[in-house]
Structures are given as C-alpha cells and as structure tokens.
Amino acid sequence: DAGVIQSPRHEVTEMGQEVTLRCKPISGHNSLFWYRQTMMRGLELLIYFNNNVPIDDSGMPEDRFSAKMPNASFSTLKIQPSEPRDSAVYFCASSDFIGGAQDTQYFGPGTRLTVL
Amino acid sequence: AQKITQTQPGMFVQEKEAVTLDCTYDTSDPSYGLFWYKQPSSGEMIFLIYQGSYDQQNATEGRYSLNFQKARKSANLVISASQLGDSAMYFCAMNFGGSQGNLIFGKGTKLSVKP
C-alpha cells in the first residue's frame with residue numbers, strides 16, 4: 001500500500017518567491033496534518049484537516065502561510081512570500097481519525113525547504 | 001500544560017544489547033495516547049509503537065516494547081537486541097483525541113548503535 005506522498009522532496013528558492021508543497025494522504029484516511037520541523041522548535045503542528053475541513057490552524061505562523069484540501073486525496077501548503085526563516089522540513093501526515101487518542105498518524109517523507 | 005519531555009539528547013548502545021529511551025509526559029487529561037516514532041538520517045518519520053492511557057498491558061511490537069508507568073507518567077521505549085540500523089532520532093509523542101487531533105512531540109533522543 002502506498003504511504004503518504006509528498007512533493008517535492010527538496011525545494012530551494014529565493015526569498016520572496018512563492019512555494020507550494022503538496023501532499024497525498026493514505027487512501028481512506030480522513031484526517032491530514034501539516035507539521036514543520038526545525039532544530040530550534042522541533043516538530044510543531046501547522047494545521048490539520050478532518051474530512052477536508054480545516055479544524056485547527058492555530059499553528060500557521062502568519063498570513064504568508066495558507067493550506068487547502070480541495071478533496072480527500074490532495075492538500076497543499078503554500079508560502080507567499082517565502083522568507084529565510086521558513087527554511088525547515090515540512091511533513092504531511094494522515095490518519096484514520098475517529099476522534100480517539102489511539103488515532104495513529106503516518107508521516108510522509110517530508111519536504112526539505114531552503115529559502116535563500 | 002500538556003508536555004512531553006525526553007531528557008536524553010544522545011545515547012550510545014552496543015550492538016545486540018538492549019537500550020531504554022526515556023519519555024515523561026505531563027497532562028491532567030485521563031484519555032491520551034503515547035507514540036514513539038523513529039527518524040533515521042534519511043529524514044522520514046516512522047511509526048513504531050502505541051500505548052493507550054487505559055491499556056492494562058505494556059505495548060510490544062517486535063523488538064520494541066513500551067514500559068508504561070502511568071503513576072509516574074512515563075512511557076519509556078525499550079529496544080531489544082539493538083541493530084546498526086536502529087541508529088536514528090527517536091521521538092516520543094502524545095495525542096489526546098477528541099477535537100485536538102494533533103501530536104505533541106518531545107525533542108527527541110539520538111541513538112547511536114556501536115558495532
């Protein structure tokens with residue numbers, strides 16, 4: 001079975017450019033999560049969706065970040081304009097969410113973003 | 001406040017020996033799940049094992065077991081018969097379910113297995 005798919009795996013861009021990260025969750029999973037990992041802050045949640053609806057976006061740093069989930073099999077995280085401090089690894093994860101503490105999240109391989 | 005603490009930034013273990021990675025947590029919520037993930041140098045996050053707060057028995061998955069001590073609020077990961085491929089970062093994480101679906105992560109422990 002295919003796991004969570006993320007693209008691109010690596011992205012290098014210049015400050016001010018728009019960046020779009022993509023994610024395809026595991027088929028049949030109804031929740032999708034975007035995390036960011038940095039050395040300073042570790043792993044932190046940016047936003048999560050349940051049944052394509054954003055449930056908690058309190059982790060989105062600022063208006064430069066936006067996320068969409070137009071259907072159950074695709075989500076995007078967009079940064080516009082990008083800044084050097086956005087450099088990090090961005091993970092997408094999905095789960096078969098039933099609202100219990102046992103919901104296991106499965107992670108994609110991550111996108112390593114470098115903003116010059 | 002809900003918090004995960006991993007006090008060991010780095011650990012060394014000899015190949016074929018067992019190793020315990022520490023994790024303590026802080027919550028007043030009676031229902032929660034505890035997870036361990038492995039992150040090798042290639043970067044992906046791999047789910048290893050889960051323990052629910054109401055589970056009576058410690059979770060086991062192959063060479064991984066979770067030493068769950070609820071009263072002490074600890075959920076240590078035990079890896080038996082370490083292999084070179086076990087060298088990686090290991091993260092402890094907590095989930096509370098309900099509308100709060102996200103995982104709260106510890107800062108991780110870097111495990112190095114020596115031949």
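By convention in this document, chain letters (A, B, ...) are assigned in the order of the sequence lines, proteins followed by strands, and residues within each chain are numbered from 1.
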Any idea which heavy atoms bring A:Gln37 and B:Phe91 closest together, and the distance?
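It is NE2-CZ, 3.6 Å.
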Indicate the atoms forming the closest heavy-atom contact of B:Asn95 with A:Asp103, along with that distance.
ND2-O, 3.4 Å
Could you tell me whether [X] atom [atom1] has more than 12 heavy atoms of other residues or ligands within 6.0 Å of it?
| X | atom1 | answer |
| --- | --- | --- |
| A:Glu14 | CD | no |
| B:Gln57 | CD | no |
| B:Lys16 | NZ | no |
| A:Asn71 | CG | yes |
| B:Lys3 | NZ | no |

A:Thr104 side, atom OG1; B:Phe47 side, atom CZ - distance, nearest 0.5 Å
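The distance works out to 4.0 Å.
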Atom CZ in B:Phe35, atom CD in A:Gln105: separation rounded to 0.5 Å?
7.5 Å
Could you tell me if the side chain of B:Leu103 sits less than 4.5 Å from the side chain of A:Phe33, heavy atoms only?
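Counting from C-beta outward, A:Phe33 and B:Leu103 never come under 4.5 Å.
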Would a 4.5 Å heavy-atom cut-off, applied to side chains only, mark B:Gln39 and A:Phe107 as touching?
no
B:Tyr54 versus chain A, the contacting section by heavy-atom distance below 4.5 Å
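It is neither, since no heavy atom gets under 4.5 Å.
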Same apolar cluster: B:Met45 and A:Trp34, side chain cutoff 4.5 Å:
no
